[in-house]
Structure formats: C-alpha cells, structure tokens
Q: 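Sending over a structure as structure tokens; questions will come in a sec.
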There are 2 protein chains.
Amino acid sequence: MTEKENRDARTRAADSLVSIYERQIIDGTLAVGMPLPPEREIMQSFSVSRTVVREAVQTLSAKGLVEARPRFRPVVRTPGYDAAIEAVGSVVNRLLTVPGGVRNLFELRIMMEAALVRGAALHADKHHVARMKQALADNEAAISDSQRFFETDVAFHRLLYEVPDNPVLPPIHQAYTDWLSSHWTKMPRDPERNHVNYRAHCRIFEAILFRDPDAAEFVLRDHLDDAWNQVRQTFEET
Amino acid sequence: MTEKENRDARTRAADSLVSIYERQIIDGTLAVGMPLPPEREIMQSFSVSRTVVREAVQTLSAKGLVEARPRFRPVVRTPGYDAAIEAVGSVVNRLLTVPGGVRNLFELRIMMEAALVRGAALHADKHHVARMKQALADNEAAISDSQRFFETDVAFHRLLYEVPDNPVLPPIHQAYTDWLSSHWTKMPRDPERNHVNYRAHCRIFEAILFRDPDAAEFVLRDHLDDAWNQVRQTFEET
DNA sequence: CGTTCCGATTTGGTATGACAAAAACGCACA
DNA sequence: TGTGCGTTTTTGTCATACCAAATCGGAACG
C-alpha cells in the first residue's frame with residue numbers, strides 16, 4: 001500500500017489487485033463468507049479492465065483465499081488448515097513423481113508420527129485412550145475385509161494426530177493419507193497382513209497405556225517401516 | 001478427468017486448461033525450464049479465447065507449477081519443496097491471524113524440532129557435528145550483535161533440519177522462520193538474552209555429542225518454550 | 001569468425017465491447 | 001406467508017485492438 005500500483009510495467013495490475021484483496025481478507029475488511037464485489041464494480045473501483053479483475057479473482061481462488069464456484073460470486077473462505085493443504089496439492093503431487101519423492105514424504109510422516117506416539121504415551125488422557133480402544137476394536141473387526149481394514153487403519157492413526165490439541169495436525173494427517181493413498185492402495189492386502197498390522201496397532205496402544213514413549217516409538221517405527229517395505233515394491237526407487 | 005472438458009457450463013474452460021497443463025507438467029511432457037507455448041498458440045490449439053488462456057496461466061502460476069515473470073514467457077518451475085511452501089504462503093499468513101494461530105504453528109515446530117534433535121543425537125555423524133560446532137562458534141561470536149545473533153541462531157537450528165538427509169526438511173525450516181519471523185523479530189533482544197540462548201544451544205550440542213536423545217529433547221523444549229514465553233508477550237493470546 | 005548493435009516481429013499486458021446462460025432479484029399471486 | 005414466474009444482474013466466454021517490452025534476425029563491426 002506504500003507505493004502500490006504505480007504500474008511500473010514490471011508489475012501486473014492483476015497482481016496488485018490480488019495483494020489488495022489479500023490484505024483486505026487477512027485484516028478482516030472482507031469477512032469470512034462475504035462475497036467479493038461484482039466484477040464490474042471492482043473494475044470501476046480500480047479503473048482496470050475486467051480482464052485483470054478476472055485474473056485476480058482466479059489467483060485468489062488458486063491461493064485458497066476465496067472459494068469461486070463457477071457462476072457464483074466468489075466468497076471469502078474460512079481460514080483453515082485444510083485450505084493450506086489444498087493449496088499445495090498440485091506441487092506436492094508433482095514432488096511425488098521425482099525420484100525419492102514418495103520416500104521423502106513418507107519418512108517425514110514416520111518422523112512426525114514417531115513424535116506423536118511419544119507425545120501420546122506421555123500425555124494421552126482417558127478420553128483419548130477410550131477412543132483408541134474403540135478404534136482398535138473396529139480395526140480388529142475389519143481384518144477380514146481389506147477395504148474396511150484400510151479405513152479403520154487410517155482412523156487409528158488419525159487419533160494420534162488428535163492427542164495434542166493442535167488443529168494443525170489433523171489436516172496434516174489428512175494430507176498424508178490423500179497424497180500417499182494412490183501408492184498405498186496398490187499395496188497388496190490380505191487378512192494375514194491385516195492381522196500383522198492390527199497386532200502392531202495393539203502394541204502401540206499398549207506402549208501408550210504403559211506410558212512408555214521409547215517402546216511406543218520403536219513399535220510405531222517398526223510398523224511404518226514394515227508398511228514402507230510393502231509399498232516400495234510397487235515401484236522401484238533406489 | 002474421466003470426462004474432462006465437455007464444458008458442462010458448470011466447469012470453467014480455464015480450469016480445464018489448468019488441469020491439462022498440470023498433467024503435462026507432472027508427466028514430463030513439459031520439462032522443467034521449458035516455456036509454455038505462446039498464448040495465441042494455446043488459444044488456437046484448444047479453440048478458446050485468450051481470456052481463458054491467461055486465466056489458466058495465472059492459476060498455474062499461483063499453484064507454483066510455472067514461474068510467470070511479467071512480460072516473460074511462463075516457464076515450468078523446478079519441482080521443489082520450496083515451491084510448495086510458497087504456494088501456501090497466503091493461507092498460512094491468514095492462519096497466523098486467527099486466535100492461537102501463531103501458537104499452533106509454533107507448537108508444531110517445537111514438536112518437529114524435538115523429534116529432530118532426538119534423531120540428531122542418535123544419528124549425527126562427524127560431519128554434522130563439525131558444522132554444528134562451527135555454527136556454535138559463530139553464534140557465540142555474535143552475542144553482542146543482536147542482529148547477527150539472530151541470523152546465527154537461525155543457522156544453528158537449520159542444521160538440525162539437515163541431519164536427516166531428507167530434502168523436505170530444510171524448506172520446512174525456511175518456512176517456519178519466514179512465517180514466524182514477523183513475530184520473532186519483535187521479541188526483545190539484548191546480549192544477556194542472547195547469551196542465555198547461546199548456552200541453550202551449547203547444551204543441545206552437548207546432549208547430541210553424548211548421544212543422549214532424552215536430554216537433547218528436554219533441553220531443546222526448554223529452549224523453545226523459553227523463546228515462546230518471550231514472544232507471546234508481544235501479543236496477547238489466551 | 002565471433003561480437004555487437006539495431007530494427008522488425010513476436011508476444012505479453014490491458015482495454016473495450018458484445019452475447020449467452022445462469023443466478024439473483026422482485027413482484028404478483030395464491 | 002409462501003410460491004412461482006419474469007426481469008435484471010452477473011458471470012463465462014469470445015473477438016478485437018493497441019502498446020510496450022521481449023525476442024529474433026540480420027547487418028555492421030572488430
């Protein structure tokens with residue numbers, strides 16, 4: 001806003017518009033759920049053509065600040081960690097195609113989840129424990145149904161992301177499962193393997209019950225490493 | 001993409017173009033560094049107006065798949081974890097304004113960094129140790145200069161993200177420092193406080209040398225919690 | 001033969017006007 | 001009060017035009 005749109009020929013008018021509305025959205029001038037002004041109104045306000053207005057709106061939409069359903073007025077989106085995840089979707093998908101990409105992301109997940117089970121072992125309260133117990137039961141009940149087992153498997157791991165009361169974490173878990181799911185579902189699955197995974201979950205749970213972070217981390221790493229070895233066979237990297 | 005661009009009136013032509021080029025970039029048809037075709041060429045290829053072409057390019061740029069410097073032909077960007085960070089910038093900045101946003105992000109950082117020091121204590125080799133030693137020396141030498149101390153402080157922490165050989169991690173560190181820096185630089189700084197931080201770094205380093213993950217984690221958490229208490233005073237949340 | 005420089009051409013950035021179709025609006029009607 | 005239909009907005013798209021900057025090609029030069 002200091003020198004803003006002096007239009008140096010090296011700045012795009014659309015970009016200026018984007019940053020203007022970005023600010024308005026961030027500082028709350030444009031509240032959540034509020035629609036952006038009509039395009040023709042914007043073009044008159046800033047004396048720009050409709051072309052730049054539309055480009056600006058498109059960009060705001062791509063950045064995840066507004067939701068622009070076709071034919072509808074773009075509305076300011078709820079600030080959420082899920083919007084952030086969505087915004088990186090394209091780039092991450094691309095990263096997964098470069099050599100070692102899947103491996104790198106999965107190792108990050110292992111690292112985070114190891115930290116999470118340590119935290120769970122130290123801080124999980126009765127409520128969390130009860131939910132994990134339930135999740136384990138669901139998990140066991142689905143051993144014979146690989147599809148359902150996969151879902152309960154994901155659900156069990158998700159609980160780990162809910163123990164710290166940090167709203168950033170659940171979307172991260174969602175992101176991991178979304179991004180890795182295409183590789184994950186290719187993993188061979190059968191009741192025997194499901195049973196192995198179920199037992200691993202049980203051991204993780206027990207370690208948490210015993211408030212033993214080292215054991216919890218060890219078992220979890222073992223569990224995820226094992227899973228990785230299953231997955232890696234579906235594509236040959238290094 | 002099963003029925004793609006039949007143009008149901010409920011899909012935007014620009015969005016179709018975006019997903020088409022998204023695919024071409026991901027599968028390598030459009031190699032890194034390669035420029036997109038001229039706009040007029042694209043419009044003929046797909047029989048669309050230049051408006052939609054421009055909107056599509058803008059979106060690809062916002063998504064971080066191409067780099068579109070004004071007046072220059074957009075070129076396919078190198079797939080990098082930094083591009084991912086950049087793509088979420090706007091959303092994250094907004095998240096930092098919601099109540100508890102900074103706190104949530106910083107706690108995520110504490111969790112990750114705690115996991116990293118554990119890993120460093122277990123796996124850091126001579127090379128890493130040497131670099132940390134150097135970083136500590138730089139850190140000590142800058143105690144009297146708060147500006148430089150801040151830089152060496154960041155540099156020391158960055159090393160933690162480099163111990164695992166995972167290219168995802170350094171950009172994450174970069175992201176943390178970028179996003180939190182505005183709050184961070186408001187923190188009161190003086191040589192005495194710098195000295196406290198320096199000593200904390202030393203203790204972290206020692207714990208790593210002694211291959212003692214528990215001590216390393218403890219000291220690091222203490223260090224970051226302390227930093228948080230300094231920062232939180234600059235804005236009152238809960 | 002390589003380099004530099006200049007003009008012609010290409011290409012991106014923006015503006016204007018137009019039109020179809022869908023959404024939003026308002027008003028009459030039940 | 002609620003509902004339905006016609007009118008008015010508004011978005012999505014296209015076509016065209018112009019300017020200025022980038023690019024390209026060849027001429028002039030070392």
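Residue numbers start from 1 in every chain, and the chains themselves are labelled A, B, ... in the order their sequence lines are given, proteins ahead of strands.
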Q: Rounding to a whole Å, what distance do you find between A:E55:CD and D:dT13:P?
A: 14 Å
Q: Distance check: side-chain N/O of B:R73 vs OP1/OP2 of D:dT23, anything under 4.0 Å?
A: no
Q: In terms of side-chain geometry, is the basic nitrogen of A:R77 or A:E67 positioned less than 4.0 Å from the acidic oxygen of its partner?
A: no
Q: Can you check whether B:R12 has a side-chain N or O nearer than 4.0 Å to OP1 or OP2 of D:dG12?
A: yes
Q: For B:R50 and C:dG12, what is the distance between atoms CZ and P respectively, to the nearest whole Å?
A: 7 Å
Q: Using whole Å, what does the distance between atom P of nucleotide D:dC14 and atom CZ of A:R54 come to?
A: 11 Å
Q: Rounded to the nearest angstrom, tell me the gap between atom CD in A:Q58 and atom C1' in D:dG12.
A: 11 Å
Q: Calculate the interatomic distance between B:R69 atom CZ and D:dT23 atom C1'; express it in whole Å.
A: 13 Å
Q: Can you measure B:R71 atom CZ to C:dT10 atom P for me and round it to whole angstrom units?
A: 17 Å
Q: Determine the interplanar angle of the B:H223 and B:H201 rings, folded into 0 to 90°, and report it as parallel if under 30°, tilted if 30 to 60°, perpendicular if over 60°.
A: perpendicular
Q: Roughly, in whole Å, what's the span from CG in A:L36 to P in D:dG12?
A: 12 Å
Q: What orientation do A:W184 and A:F106 show, parallel under 30°, tilted 30 to 60°, or perpendicular over 60°?
A: tilted
Q: Select one nucleotide: of C:dT11, C:dA15, D:dA22, the one nearest the side-chain heavy atoms of B:F72.
A: D:dA22
Q: Would you check if there is a donor-acceptor pair between the side chains of B:E162 and B:H128 at a distance under 3.5 Å?
A: no
Q: Roughly, in whole Å, what's the span from CE in A:M43 to P in C:dA15?
A: 8 Å
Q: On DNA chain C, does the nearest nucleotide to B:E41 precede the nearest nucleotide to B:T51 from the 5' side, or the other way round? Give the residue.
A: B:E41
Q: Any side-chain N or O of B:S49 less than 4.0 Å from the OP1 or OP2 oxygen of D:dC14?
A: yes
